[in-house]
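Okay, structure first, notes after.
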Amino acid sequence: QVQLVESGGGLVQAGGSLRLSCAASGRTFSTYAMGWFRQAPGKEREFVAAINWRGDSTSYADSVKGRFALSRDNAKNMVYLQMNSLKAEDTAVYYCAGRPYTSMVITSSAYDYWGQGTQVTVSS
(Lines give C-alpha, C1' and ligand atoms only; values in the text may rest on other atoms or scores of the structure.)
Protein backbone atom coordinates (compact mmCIF):
# COMPACT_ATOMS: atom_id res chain seq x y z
CA GLN A 1 0.00 0.00 0.00
CA VAL A 2 1.15 3.54 -0.75
CA GLN A 3 0.36 6.75 1.10
CA LEU A 4 0.63 10.01 -0.80
CA VAL A 5 1.18 13.52 0.55
CA GLU A 6 1.11 16.58 -1.69
CA SER A 7 2.84 19.88 -1.02
CA GLY A 8 3.84 23.03 -2.84
CA GLY A 9 0.50 24.63 -3.49
CA GLY A 10 -0.19 28.28 -2.83
CA LEU A 11 -1.17 31.63 -4.27
CA VAL A 12 0.61 32.87 -7.38
CA GLN A 13 -0.01 35.58 -9.95
CA ALA A 14 -0.96 34.71 -13.49
CA GLY A 15 2.15 33.92 -15.51
CA GLY A 16 3.99 32.62 -12.47
CA SER A 17 5.20 29.17 -11.57
CA LEU A 18 4.74 26.58 -8.85
CA ARG A 19 6.18 23.15 -8.28
CA LEU A 20 3.97 20.58 -6.64
CA SER A 21 5.54 17.63 -4.89
CA CYS A 22 4.04 14.28 -3.99
CA ALA A 23 5.80 12.21 -1.37
CA ALA A 24 5.01 8.51 -1.40
CA SER A 25 5.52 5.95 1.31
CA GLY A 26 5.89 2.26 0.60
CA ARG A 27 8.56 0.07 -0.88
CA THR A 28 6.65 -0.60 -4.10
CA PHE A 29 6.35 3.04 -5.23
CA SER A 30 8.83 2.54 -8.04
CA THR A 31 6.46 0.06 -9.71
CA TYR A 32 3.49 2.43 -9.62
CA ALA A 33 2.26 4.68 -12.37
CA MET A 34 1.40 8.12 -11.00
CA GLY A 35 -0.95 10.89 -11.97
CA TRP A 36 -2.11 14.37 -11.06
CA PHE A 37 -5.70 15.45 -11.15
CA ARG A 38 -7.40 18.70 -10.19
CA GLN A 39 -10.81 19.83 -9.10
CA ALA A 40 -12.08 23.38 -9.27
CA PRO A 41 -15.10 24.56 -7.27
CA GLY A 42 -18.32 23.35 -8.84
CA LYS A 43 -16.51 21.22 -11.38
CA GLU A 44 -15.66 17.56 -11.70
CA ARG A 45 -12.19 16.22 -11.04
CA GLU A 46 -10.13 16.30 -14.22
CA PHE A 47 -6.94 14.72 -15.47
CA VAL A 48 -3.81 16.89 -15.52
CA ALA A 49 -0.81 14.65 -16.15
CA ALA A 50 0.44 11.08 -15.73
CA ILE A 51 3.77 9.29 -15.73
CA ASN A 52 4.72 5.64 -16.06
CA TRP A 53 6.70 3.69 -13.50
CA ARG A 54 10.11 4.41 -14.98
CA GLY A 55 9.42 8.06 -15.67
CA ASP A 56 10.23 7.81 -19.37
CA SER A 57 6.70 8.30 -20.61
CA THR A 58 4.27 11.08 -19.74
CA SER A 59 0.84 12.27 -20.80
CA TYR A 60 -0.75 15.69 -20.37
CA ALA A 61 -4.16 17.23 -20.68
CA ASP A 62 -4.38 19.55 -23.66
CA SER A 63 -5.08 22.47 -21.32
CA VAL A 64 -1.65 22.15 -19.65
CA LYS A 65 0.48 20.75 -22.44
CA GLY A 66 3.60 22.84 -22.96
CA ARG A 67 3.20 24.56 -19.58
CA PHE A 68 3.35 21.70 -17.06
CA ALA A 69 6.04 19.06 -16.70
CA LEU A 70 5.74 15.87 -14.68
CA SER A 71 8.73 13.96 -13.37
CA ARG A 72 9.58 11.41 -10.71
CA ASP A 73 12.51 10.33 -8.60
CA ASN A 74 12.02 6.71 -7.61
CA ALA A 75 15.08 6.75 -5.36
CA LYS A 76 13.40 9.44 -3.26
CA ASN A 77 9.82 8.21 -3.66
CA MET A 78 8.84 11.59 -5.10
CA VAL A 79 6.76 12.89 -7.97
CA TYR A 80 7.00 16.50 -9.14
CA LEU A 81 4.62 18.65 -11.17
CA GLN A 82 6.31 21.78 -12.47
CA MET A 83 3.67 24.32 -13.45
CA ASN A 84 4.69 27.32 -15.53
CA SER A 85 2.79 30.15 -17.20
CA LEU A 86 -0.05 29.64 -14.77
CA LYS A 87 -3.49 30.93 -15.65
CA ALA A 88 -6.50 31.79 -13.53
CA GLU A 89 -8.24 28.72 -14.90
CA ASP A 90 -5.55 26.52 -13.33
CA THR A 91 -6.98 27.39 -9.92
CA ALA A 92 -8.06 24.15 -8.25
CA VAL A 93 -7.21 21.58 -5.63
CA TYR A 94 -4.52 19.33 -7.08
CA TYR A 95 -4.40 15.66 -6.18
CA CYS A 96 -1.61 13.16 -6.56
CA ALA A 97 -2.72 9.62 -7.39
CA GLY A 98 -1.05 6.25 -7.74
CA ARG A 99 -1.92 2.91 -9.29
CA PRO A 100 -0.09 -0.39 -8.73
CA TYR A 101 0.56 -0.91 -12.43
CA THR A 102 3.46 0.21 -14.55
CA SER A 103 1.44 1.85 -17.32
CA MET A 104 -0.07 5.30 -16.97
CA VAL A 105 -3.71 6.09 -17.61
CA ILE A 106 -5.74 9.29 -17.65
CA THR A 107 -8.87 7.97 -15.97
CA SER A 108 -9.24 8.81 -12.29
CA SER A 109 -11.12 5.61 -11.53
CA ALA A 110 -8.03 3.61 -12.48
CA TYR A 111 -6.06 5.01 -9.55
CA ASP A 112 -6.22 3.27 -6.20
CA TYR A 113 -4.36 5.70 -3.97
CA TRP A 114 -4.91 9.42 -3.49
CA GLY A 115 -3.38 12.23 -1.52
CA GLN A 116 -5.35 14.79 0.44
CA GLY A 117 -4.86 17.52 -2.17
CA THR A 118 -3.10 20.87 -2.24
CA GLN A 119 -4.72 24.17 -3.17
CA VAL A 120 -3.38 26.16 -6.10
CA THR A 121 -4.80 29.65 -6.58
CA VAL A 122 -3.80 31.78 -9.53
CA SER A 123 -4.75 35.45 -9.37
CA SER A 124 -5.37 37.33 -12.58
Side-chain angles (χ1 to χ4, degrees):
Q1 189 163 348
V2 171
Q3 291 185 322
L4 305 173
V5 178
E6 304 97 334
S7 61
L11 174 64
V12 64
Q13 289 188 335
S17 298
L18 281 175
R19 188 176 82 155
L20 303 184
S21 298
C22 176
S25 65
R27 293 177 293 175
T28 57
F29 167 77
S30 62
T31 64
Y32 281 43
M34 301 296 294
W36 284 91
F37 293 80
R38 67 187 182 186
Q39 188 166 18
K43 295 187 177 181
E44 293 187 354
R45 189 171 297 187
E46 65 174 1
F47 168 74
V48 175
I51 191 166
N52 70 342
W53 67 290
R54 290 186 300 191
D56 58 1
S57 183
T58 53
S59 179
Y60 298 94
D62 288 343
S63 59
V64 307
K65 201 170 293 183
R67 300 188 297 121
F68 290 13
L70 182 57
S71 61
R72 66 189 296 163
D73 185 338
N74 286 343
K76 296 182 178 179
N77 279 14
M78 295 292 294
V79 177
Y80 305 102
L81 183 66
Q82 178 66 42
M83 306 187 297
N84 300 324
S85 302
L86 283 162
K87 305 175 181 180
E89 50 263 44
D90 294 319
T91 295
V93 177
Y94 283 71
Y95 298 90
C96 176
R99 62 191 302 267
Y101 302 96
T102 57
S103 59
M104 59 182 180
V105 295
I106 67 172
T107 307
S108 60
S109 60
Y111 289 83
D112 297 310
Y113 303 103
W114 292 82
Q116 82 288 349
T118 185
Q119 176 70 47
V120 171
T121 302
V122 184
S123 63
S124 57

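Within 6.0 Å of the NZ atom in Lys65, the count of heavy atoms belonging to other residues, nucleotides or ligands exceeds 12. Within 6.0 Å of atom CD in Gln3, 12 or fewer heavy atoms from other residues, nucleotides or ligands are found, so the atom counts as exposed in its surroundings.
For residues 81-111, the set of pairs meeting the ring-ring contact (aromatic ring centres under 6.0 Å, His included) definition, not counting sequence neighbours, comprises Phe37-Tyr111.
Shown here for Ile106 and Ser59, the closest heavy-atom pair between the two residues is CG2-OG, 3.9 Å. Pairing each heavy atom of Arg67 with each of Ser85, the nearest pair is NH1-O, 2.9 Å. Nearest approach of Ala69 to Tyr60, heavy atoms of both residues: CA-OH, 3.4 Å. Taking both residues in full, the closest heavy atoms of Cys22 and Met34 are given as SG-CE, 4.3 Å, listed atom of the first, atom of the second, then distance.
Asn77 places no side-chain N or O within donor-acceptor distance of the main-chain N or O of Ser25, the cut-off being under 3.5 Å. A distance-only check finds no donor-acceptor pair linking the side chain of Asn74 to the backbone of Arg54 [under 3.5 Å]. Using modelled atom types, no side-chain atom of Ser21 and backbone atom of Gly8 make a donor-acceptor pair closer than 3.5 Å. The backbone N or O of Cys96 lies less than 3.5 Å from a partner atom in the side chain of Glu6, making a donor-acceptor pair.
Leu18 and Val93 sit in two unconnected hydrophobic clusters of ILVMFWY residues. Membership requires side-chain heavy atoms under 4.5 Å apart, directly or through other members. Met104 and Leu81 fall into different hydrophobic clusters, defined by Ile, Leu, Val, Met, Phe, Trp and Tyr side-chain heavy atoms under 4.5 Å apart, directly or through other members. Val105 and Leu4 sit in two unconnected hydrophobic clusters of ILVMFWY residues. Membership requires side-chain heavy atoms under 4.5 Å apart, directly or through other members.
In this structure, the separation between OG on Ser109 and CZ on Arg99 is 9.5 Å, given to the nearest 0.5 Å. Remark: Lys76 NZ to Ser30 OG distance equals 15.5 Å, nearest 0.5 Å. Atom OG of residue Ser63 and atom CZ of residue Arg38 lie 4.5 Å apart, to the nearest 0.5 angstrom. Between atom CD of residue Gln119 and atom CG of residue Leu11 there is a gap of 9.5 Å, rounded to the nearest 0.5 Å. Atom OG of Ser124 and atom CG of Leu86 lie 12.5 Å apart (nearest 0.5 Å).
Checked against Met83 for a side chain to side chain contact (heavy atoms under 4.5 Å, CB included), the options Val122, Val120, Leu70, Val48 give a single hit: Val120. Screening Asp112, Val2, Thr28 for a side chain to side chain contact (heavy atoms under 4.5 Å, CB included) with Pro100, the sole residue that qualifies is Asp112.
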Exercise. Before giving the answer on side-chain contact (heavy atoms from CB on, under 4.5 Å), spell out for Phe68 and Trp36 the whole-Å C-alpha distance, their side-chain angles and the decisive distance to 0.1 Å.
Key: CA-CA 11 Å; Phe68 290 13; Trp36 284 91; over 6 Å; no

Quiz prompt | Derivation and outcome, salt bridge (Lys or Arg N to Asp or Glu O under 4.0 Å), residues Lys87 and Asp90 | solution = CA-CA 5 Å; Lys87 305 175 181 180; Asp90 294 319; over 6 Å; no

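Between the side chains of Ser103 and Asn52, not a single donor N or O lies within less than 3.5 Å of an accepting N or O.
Here Tyr80 sits in one hydrophobic cluster together with Met78; the rule is ILVMFWY side chains under 4.5 Å apart, joined directly or through other members.
With Phe29 as the aromatic partner, Arg72 meets the cation-pi criteria of under 6.0 angstrom to the ring centre and within 45 degrees of the ring axis.
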